[in-house]
Amino acid sequence: MDLFAVFNAIGIVAFAVSGVFKGIAKNLDILGVSILGFLTALGGGMLRDTLSNRTPAVFVGYSDVSFALLGVIIGVFIYKTLKRDISNLMIIKISDAIGLATFTVIGAVIGFDKGFNAIGVIVLATLTGTGGGALSDLLIGEIPLILREDFYASCSIIGALIFFLIMTQPIEERLAMTITLFFTLSLRLFAIAKNLSLPRL
Amino acid sequence: MDLFAVFNAIGIVAFAVSGVFKGIAKNLDILGVSILGFLTALGGGMLRDTLSNRTPAVFVGYSDVSFALLGVIIGVFIYKTLKRDISNLMIIKISDAIGLATFTVIGAVIGFDKGFNAIGVIVLATLTGTGGGALSDLLIGEIPLILREDFYASCSIIGALIFFLIMTQPIEERLAMTITLFFTLSLRLFAIAKNLSLPRL
Amino acid sequence: MDLFAVFNAIGIVAFAVSGVFKGIAKNLDILGVSILGFLTALGGGMLRDTLSNRTPAVFVGYSDVSFALLGVIIGVFIYKTLKRDISNLMIIKISDAIGLATFTVIGAVIGFDKGFNAIGVIVLATLTGTGGGALSDLLIGEIPLILREDFYASCSIIGALIFFLIMTQPIEERLAMTITLFFTLSLRLFAIAKNLSLPRL
């Protein structure tokens, strides 16, 4: 079983769960809650594909969609059972970090393979990793969390830059991806552990 | 005269009128009101075309734009004459339902002809039908209505799914379109008549 | 040195500075402030390229990105030094007007060269000129300024229409661009001087 495939699935489920809880907190109806779940999980990839003129990956095949659906079901089930937001549980935070790191790598690779410059690689990586959450925040009328606080989008940005720099070396793409994956994941876990955030002006 | 062309025109005018009233309610200037009218009428198609990497239909030819302009003029004229929001009048609701059903079919066909999976067909159909309204809601700082209440986007989603399922059968596309059109329209009119809405969690 | 290149650089810097001040006013962290700066400067071009299915210009080469970075640094430096928003200073308003006019021309040319109709030319021009600012407004939860007040987006719209009309004549594109540039710039400066705004309904 491929590590990236497993991590991708974990990330999609975790993102969908967090989208569901966002929707419930805003008292949306069941359709709105589901849309937020799917959008949080898959919206980043759609933004990335739109910006880079690719056919949205989610419109081809059913694997990512199935994991998003699973996440929505899990999210609703957890809420119905426990009646509380569990996004502060460590297992959710770690799964979310795995998603962030994996999506960052996927976006960076797509940008690099398109021949984009460092900005293109960073933008596609960061959109893939954080764009779904930002879109859902926008839809429910909140300033996207990534603009406001936390060392979150920064992990994507730094990870993508690392990937871009590694790829200037004579190194296999697969190895560069694995290094970037673990670097980004460690950075995010470190930020969670230390409660890192960025300074204000 | 082609039924789809007539219904498309009715829908564009109705959507533009509702956009104008949204803008007036927010005390926008005359440009802002016009932009909301055009965006509500044409924005869904633009989102659909952007996501599926097509040249925006509205950038080619002038027919849709003319109907949107007509809708903006009608909306402003109604406001100036009656000084009140008429979006609760039954004729507006029915015209809006005609637009929703027609746009749903147009989006579903485009997705299907591109070879997208069921999700792609549903997303393109729903964006075409509800994306313009959602974009305008976003621009004026409101949570899109389709997330919050009413059996509205659900009609698009169900209609698109029906279309996708019909097309797995050996049936002519034109017939599938007509069936989907009347199915979606009936569903929406039924929802209006019965005041249907979706449950919350 | 090419006039358009100089004006383009001035515009990007001015837009980035105004984005930085928007972010500071919302108490964003340093990453959020930088994102708003880059997005205000470069987001309009990205929207234009996405809508017209072009590779985002900013993903190729580093010149626009460098000017945006310069603008972000200048914005932060001004804030640190003066501790106040300087977006009301006349030099900022004039630089912003230069940006608006230049971006309008660039967007109009791209739309025209793609063979789009007048609407396509106007939409691409106006998005290039005002889309970055509108995106940043959206992200920080504000109704985009261009919808609410001022004779701003109107300058882009009128400028793009003028360009489209000139190009129906046997005239060189470069000359049409220069005429449109100075027309749009004059219109915007006139609007600033006279404090023009559009009527409400």
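So that the names make sense, note that chain A is the first sequence line, chain B the second, and so on, each numbered from 1. These numbers come from a predicted model, not from an experiment.
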Student: On a heavy-atom basis, which atom in A:Ser95 and which in A:Ile10 lie closest, and how many Å separate them?
Tutor: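 Nearest pair, atom of A:Ser95 first, then A:Ile10: CB-CG2, 3.8 Å.
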Student: Non-hydrogen atoms of chain B under 4.5 Å away: do they reach the side chain of A:Ile24, the backbone, both or neither?
Tutor: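 Side chain of A:Ile24 only, per the 4.5 Å heavy-atom cut-off to chain B.
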Student: Listed by residue number, which members of residues 103-142 of chain B have a heavy atom under 4.5 Å from any heavy atom of chain A?
Tutor: B:Phe116, B:Asn117, B:Ala118, B:Ile119, B:Gly120, B:Val123, B:Leu124, B:Leu138
Student: Applying a heavy-atom distance below 4.5 Å, give me the residues of residues 164-182 of chain B that approach chain A, sorted by number.
Tutor: B:Phe164
Student: How would you list, in number order, the residues of residues 46-63 of chain B that have a heavy atom less than 4.5 Å from chain A?
Tutor: B:Thr50, B:Leu51, B:Asn53
Student: Of all the heavy-atom pairs spanning A:Thr40 and A:Ser18, show the shortest one and how long it is.
Tutor: CG2-OG, 3.8 Å
Student: If you look at every heavy atom in A:Ile146 and A:Ala153, which pair is closest and at what distance?
Tutor: CB-CB, 4.1 Å
Student: For residues B:Leu187 and B:Cys155, report the shortest heavy-atom separation together with the two atoms involved.
Tutor: CD2-CA, 3.9 Å
Student: Are the side chains of B:Phe151 and B:Ile192 in contact, using a 4.5 Å heavy-atom criterion?
Tutor: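 Heavy-atom side-chain distance check fails, nothing below 4.5 Å.
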Student: Which residues pass the side chain to side chain contact (heavy atoms under 4.5 Å, CB included) test with A:Ala16, sequence neighbours left out?
Tutor: A:Ala41, A:Val72
Student: Check each of A:Leu36, A:Leu28, A:Leu39, A:Val33 against A:Lys22 using the side-chain contact (heavy atoms from CB on, under 4.5 Å) test, and report the only one that passes.
Tutor: A:Leu36
Student: Can you list the steps and then say if A:Asn8 with A:Asp64 is a side-chain hydrogen bond (donor to acceptor under 3.5 Å, both in side chains)?
Tutor: CA-CA 8 Å; A:Asn8 186 51; A:Asp64 283 7; 3.2 Å; yes
Student: If we only count heavy atoms from C-beta on, is the A:Leu42 to A:Phe15 side-chain gap below 4.5 Å?
Tutor: no
Student: Mind checking whether B:Phe38 and B:Leu69 have side chains closer than 4.5 Å, heavy atoms only?
Tutor: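 B:Phe38 reaches B:Leu69 side chain to side chain.
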Student: Within the 4.5 Å heavy-atom criterion, are B:Leu100 and B:Tyr152 side-chain neighbours or not?
Tutor: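 In contact.
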Student: Does A:Ser156 offer a backbone N or O that forms a donor-acceptor pair with the side chain of A:Arg188 under 3.5 Å?
Tutor: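 No, A:Arg188 side chain to A:Ser156 backbone: no donor-acceptor pair under 3.5 Å.
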Student: How about CG on B:Leu82, more than 12 heavy atoms from neighbouring residues, nucleotides or ligands closer than 6.0 Å, or not?
Tutor: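 Check passes, neighbour count above 12.
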